[in-house]
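Note that this is a predicted model, so its numbers are computed, not measured. Order of the sequence lines sets the chain letters (A, B, ...), proteins ahead of strands, with each chain counted from 1.
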Amino acid sequence: MSYYFTIINTRDAPLFELEFGTSKAGGDGAARFSPEARAMNPFIVHSSLDIVDELRWGKDAMYLKRIDQFSSSHISTFLTPTSIRFMLLHLPHPPNLAPAFIPSPGSYPPFTPYTSNPLSSSTSSASSSSTFKSSTSGAGSIANNPASPQTEEAIRLFFWDVFEVWIKATMNPFQSMEKVLGSPVFKQRVLGAGRKYL
Amino acid sequence: MAAATKATRVGEEVWKSRVDKVNAELVTLTYGTMVAQLCSDFDSNYAEVNNQLDKMGYNIGIRLIEDFFAKSGVPRCANLRETAETISKVGFKIFLNITPIVTNWAADNKQFSLIFEENPLADFVELPDDGKAQDELWFSNMLCGILRGALEMVQMQIEAHYVSDVLRGDDTTEMRITLLRYIDDEMPPDDE
């Protein structure tokens, strides 16, 4: 699974962006987005913001779970009490199992969630086979299925960890809610949470 | 070391019984916001920010010393070593609940360092990443001013400055304090 995580402030401006891959089931923690997917990710996430706005008044929990899907990319959201939105786009490997892209009228240009290139194809197939093994072998690891309860729970834990470091980061007097969060410490901690749960 | 253990005891006791406590985050956020505001007011002229913090600290120090003696009741210190222990184990203890380590004495006993293992003023803080703050801003510089002001009121002229700060990526936070002179009571000019 590849992840694209972003934090969006109340004016819909991204404060933080990060790409990473799964560290479970032998994953190396590197994101495997194709260049096209990488370019599309921010747009996909932004298009889901309207859904967040619709959902936010109907739910008590901060974790809104999986709220949207675009092609084979899934969006999970965590909404802080001050309406800062944590958006996590997750794109499952392997790509050959991903549903085909069905363009709707007036939709975005199609993109391939994954293009094999000589560099990453070997690692990708290795990790996908091990993912398959572990998902059949038992609970505890995230199945390669974005809709599964395990994935939902793992993402919930990830979001709560990030929320905690987020609180610390925003307590920094030099940080403002209008400014991009460039702190390397924060980035490391988010990556750490990703490694731990995803 | 007798002075040190005595100071520790006094500090503990005053901290427990005679000090009004206030929420740490209130202090941290108030101080942090103030420094951040100074940085924006002086347009990231960090030398000037350090200077302003020192001045504010001085004005706090010259008042705080009276309160310090009223609360702690410590007697006159015989030498600078005793003064240093009192600053660390009574002064910092009752006002900030920390006890910086007194160390690195100069050979002439007129210079020492305070090493801060924790600094409640700097919790949550990361210095701005503008390529300057990391080299120029001493975030907790107010503490230097406070010591300077407080000691001046008890006839000691000192100079205090930070030499390292964990906020800048250093291993420790160290403040260097130098005794310049004891201020003699001087007759006002033309006083018969």
Side-chain angles (χ1 to χ4, degrees), chain A residues 4-20 42 62 78-87 157-197, chain B residues 22-50 52-53 56-57 96 118-143 162 165-173:
Chain A
Y4 167 75
F5 174 68
T6 181
I7 297 176
I8 295 178
N9 75 0
T10 48
R11 300 184 183 182
D12 292 357
L15 299 181
F16 179 81
E17 286 181 293
L18 184 68
E19 281 181 3
F20 58 96
M62 290 196 259
F78 183 97
L79 185 69
T80 74
T82 53
S83 301
I84 303 289
R85 286 148 293 183
F86 298 174
M87 310 288 281
L157 293 170
F158 168 76
F159 275 145
W160 274 102
D161 260 31
V162 173
F163 185 43
E164 249 170 62
V165 291
W166 163 257
I167 292 170
K168 292 221 173 82
T170 52
M171 293 279 259
N172 178 3
F174 294 106
Q175 176 63 37
S176 110
M177 290 295 163
E178 312 295 322
K179 262 187 351 196
V180 169
L181 216 170
S183 156
V185 179
F186 181 75
K187 186 179 171 189
Q188 276 313 311
R189 288 184 177 155
V190 174
L191 273 177
R195 258 198 305 279
K196 197 163 155 199
Y197 297 114
Chain B
V22 63
N23 184 299
E25 272 155 23
L26 175 68
V27 177
T28 308
L29 290 181
T30 310
Y31 185 77
T33 308
M34 195 199 64
V35 178
Q37 188 63 48
L38 282 176
C39 290
S40 89
D41 285 356
F42 288 101
D43 219 4
S44 299
N45 178 355
Y46 295 118
E48 185 55 27
V49 173
N50 290 341
Q52 290 291 330
L53 285 172
M56 288 180 197
L96 286 176
E118 47 182 341
N119 180 0
L121 296 185
D123 281 346
F124 317 116
V125 174
E126 279 179 52
L127 295 182
D129 191 17
D130 58 0
K132 260 168 64 184
Q134 301 268 346
D135 301 317
E136 296 172 16
L137 178 66
W138 294 114
F139 185 80
S140 311
N141 211 38
M142 184 183 269
L143 296 180
Y162 278 98
D165 191 340
V166 285
L167 290 180
R168 294 186 173 196
D170 300 323
D171 290 338
T172 54
T173 303

Practice prompt. Quick one: which of B/V35, B/D123, B/T33, B/V125 has the most heavy-atom pairs under 4.5 Å with chain A, could you say?
Written response: B/V125
Worksheet entry | Contact summary for B/E126 and A/V185, nearest pair of heavy atoms | OE2-CB, 3.8 Å
Within 6.0 angstrom of [X] [atom1], more than 12 heavy atoms from elsewhere:
{"X": "B/K132", "atom1": "NZ", "value": "yes"}
{"X": "B/D135", "atom1": "CG", "value": "yes"}
{"X": "B/N23", "atom1": "CG", "value": "yes"}

Worksheet item: For B/Q37, is it the side chain, the backbone, both, or neither that has a heavy atom closer than 4.5 Å to a heavy atom of chain A?
Response: neither
Worksheet entry | Candidate pair A/F174 and B/D130, rule side-chain contact (heavy atoms from CB on, under 4.5 Å), full reasoning | CA-CA 11 Å; A/F174 294 106; B/D130 58 0; over 6 Å; no
Fill in: Interatomic distance, A/N172 atom CG to B/T28 atom OG1 [nearest 0.5 angstrom]
12.0 Å
